[in-house]
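Scroll down for the structure; my scribbles are underneath it.
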Amino acid sequence: MPAHHKMVVPHAGGLLRNYVAGEFVGSERTFANVTPVDGSTINEVCEADSALVDRAVAAAREALHGPWGKMSLDERSALLHKVADGIEARFDEFVAAEMADTGKSLWQAQNIDIPRGAANFRAFADLAKSRAGECFQSTTPDGGQALNYSVHKPLGVVAVIAPWNLPLLLLTWKLGPAMAVGNTVIAKPSEDTPGTATLLAEVMHAAGVPAGVFNLVHGFGPNSAGEFLTTHRGIDAVTFTGESRTGAAIMRAAADNVKALSFELGGKNAALIFEDADFDAAVEGTAKSVFTNGGQVCLCTERVYVQRPIFERFVAAMKEKAEALRIDWPESPDTDMGPLISHEHQQKVLSYYQLAGEEGATFITGGGVPTFGDERDNGAFVEPTIITGLPESARCIKEEVFGPICHIAPFDTEEEAIALANDSEYGLAGTVWTTHLQRAHRVAQQIDAGIVWVNAWYLRDLRTPFGGVKLSGIGREGGVHSLNFYSEPTNICIKF
Ligand code: NAD
């Protein structure tokens, strides 16, 4: 019996309901939640209609001025720690639900997604309590004094719209700070990953979060829960992670009543490998940055530029790494890569593999679909793929694939490397591999991206600013940046 049969997925064969005004609510319409591992249906999901979204908005508005608004910061913070405790107490259920929905590996779910789900509540519960204020004293024209200080109020009712690649992690990354500073929220997870968000609603309920503070609505984007939220007059802010073109659609929808927006969008991230890099560390780190979570992390590298003297050796070493990756049942402890999120996404990634061939790429490895001879042949698997030889104008170099693929190209000078990294409509992340201290600082500071790693990848400190430039987003979250986005300062000026 394959290892995956041992996992008990919460609500398997049942219904995933919405959570509105402190109650679990069904709906007339449901849709199937399908696992990409073997294409089977895990459970049915209740799709929220516009009337239910209206109810969620009304409940959130009421709670904003009711119990939540009256709660002290200390009490709110303690309650969010209790939510984190609740996630940890049901850790294995969260892991099983996340793996079933996404096909991500056990290692990834246990070590990254679910722990960060809890950490996001703890970090922002604490940060909100240690937030510094600002105060300015000045002389007035009549010779008196004026003291200016700011108080922070919640934004109001916040819609949190999340993608499927790191479902619990990215949802809670926004819920944590939004709730910590006193907002009420309506969460909409991706239609592909409704599992852990539903468990989170159960945890919120059990922790005693007052009715209406946290609401969950399931559904899709256009003409479904996503659009009902972004066009709703009762929503004060939309915080969104997902594709850049979805961000553009949300911006248009939210324009009519000028909602506050925070967007974390797509990327086409570059890694620059200099000949003075620690070669093995650069190969290891770059392979990780290309293939982690099947390349389905917004921070993943899809463009690799290597200084010419080490180019051939680097390509050969990357090929070895890619071919050593274990593609297997997600539940198997030594699996490196499971399937992609869905058959639809598998087709998108495969269409880029095909396009790469048409554009004239050389396939160093991969380019197809692995075969297993069991139920996994119905899954959404693709091979880890490395290509070379494309011109910089190729669509495969310009467009985000969001799969386990990278293109590797040579460069000669530092200036050329920087120009190549920046020649993109996106600007989310960049990675620099070098042991030259001055070069590390010089190059890192010239890359147009929200985050640049030197000799590392995917190290995250929740207190630091996170977001993207150009098509990769608007604004920054993380640490005080999150606290600032999710609240409105009012300046108080006192003359004396
Ligand atoms: P997506 O844009 O298709 O969907 C994201 C969410 O938006 C889903 O919940 C979806 O239902 C909803 N949605 C879709 N259309 C909508 C509309 N018109 N109105 C309101 N809601 C709508 O993204 P995805 O495919 O789920 O995720 C992958 C994308 O997310 C990639 O582009 C990736 O780079 C990006 N991403 C960015 C970050 C970051 O921090 N910058 C992190 C993770 C993923």
Side-chain angles (χ1 to χ4, degrees), residues 31 36 45 47-48 50 53 101-102 104 112-113 116 120 159-174 186-194 196-197 216-232 235 238-255 259 261-269 292-302 340-342 344-346 348-349 399-403 424-429 449-451 458 460 462 464-478 481-482:
F31 61 93
V45 188
E47 184 180 353
S50 66
V53 171
D101 282 5
T102 61
K104 66 176 65 215
I112 299 179
D113 293 78
R116 262 290 297 282
N120 283 332
V160 181
I161 302 180
W164 47 256
N165 61 328
L166 307 167
L168 183 73
L169 186 160
L170 288 171
L171 190 67
T172 53
W173 162 246
K174 291 169 177 295
I186 302 169
K188 198 206 80 66
S190 165
E191 56 274 26
D192 288 320
T193 52
T196 48
L216 169 71
V217 292
H218 288 299
F220 303 81
N223 204 24
S224 184
E227 191 180 314
F228 301 151
L229 285 170
T230 55
T231 51
H232 204 292
I235 296 279
V238 179
T239 177
F240 167 75
T241 304
E243 280 192 34
S244 301
R245 65 165 180 265
T246 312
I250 291 177
M251 215 166 166
R252 282 190 288 272
K259 297 185 200 312
L261 298 174
S262 175
F263 284 171
E264 293 170 355
L265 308 177
K268 187 73 183 178
N269 309 308
T292 293
N293 207 41
Q296 302 166 116
V297 179
C298 54
L299 303 164
C300 277
T301 303
E302 292 191 5
L340 300 180
I341 180 66
S342 63
E344 191 188 340
H345 191 57
Q346 179 198 34
K348 178 187 162 192
V349 171
E399 298 172 15
E400 181 186 49
V401 181
F402 218 54
S424 173
E425 287 186 296
Y426 292 98
L428 189 58
I451 185 163
Y458 208 11
R460 292 281 298 113
L462 304 188
T464 59
F466 183 84
V469 304
K470 301 191 261 185
L471 279 188
S472 294
I474 300 179
R476 293 292 181 276
E477 296 195 38
H481 307 277
S482 292

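Start at 1 and go down the list; that is how both ligands and their atoms are numbered.
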Results of side chain to side chain donor-acceptor pair (under 3.5 Å) for Thr193 - residues two or more places apart only = none
Mind checking the OG1-CD1 spacing from Thr230 to Ile161? Nearest 0.5 Å is all I need.
-> 5.5 Å
Qualifying residues under side chain to side chain donor-acceptor pair (under 3.5 Å), relative to Asn269, sequence neighbours excluded | none
For Glu399, check side chain to side chain contact (heavy atoms under 4.5 Å, CB included) against everything at least two apart and list the hits.
-> Tyr352, Arg395
When you check the gap from the basic side-chain N to the acidic O, do Lys470 and Glu425 get nearer than 4.0 Å?
-> no
Only one of Thr292, Asp113, Asn165 clears side chain to side chain donor-acceptor pair (under 3.5 Å) with Lys104; which?
-> Asp113
Which N/O atoms of ligand 1 sit under 3.5 Å from a protein N/O, and at what distances?
residue  : atom   : partner : partner atom : Å
ligand 1 : 2 (O)  : Glu243  : N            : 2.9
ligand 1 : 2 (O)  : Thr246  : OG1          : 2.6
ligand 1 : 9 (O)  : Ala162  : O            : 2.7
ligand 1 : 9 (O)  : Lys188  : NZ           : 3.1
ligand 1 : 11 (O) : Lys188  : NZ           : 2.9
ligand 1 : 11 (O) : Glu191  : OE1          : 2.7
ligand 1 : 23 (O) : Glu243  : N            : 3.4
ligand 1 : 25 (O) : Trp164  : NE1          : 2.7
ligand 1 : 26 (O) : Trp164  : N            : 3.4
ligand 1 : 26 (O) : Trp164  : NE1          : 3.1
ligand 1 : 30 (O) : Gly242  : O            : 3.4
ligand 1 : 32 (O) : Glu400  : OE1          : 2.7
ligand 1 : 34 (O) : Glu400  : OE2          : 2.6
ligand 1 : 41 (N) : Leu265  : N            : 3.2
ligand 1 : 41 (N) : Leu265  : O            : 2.7

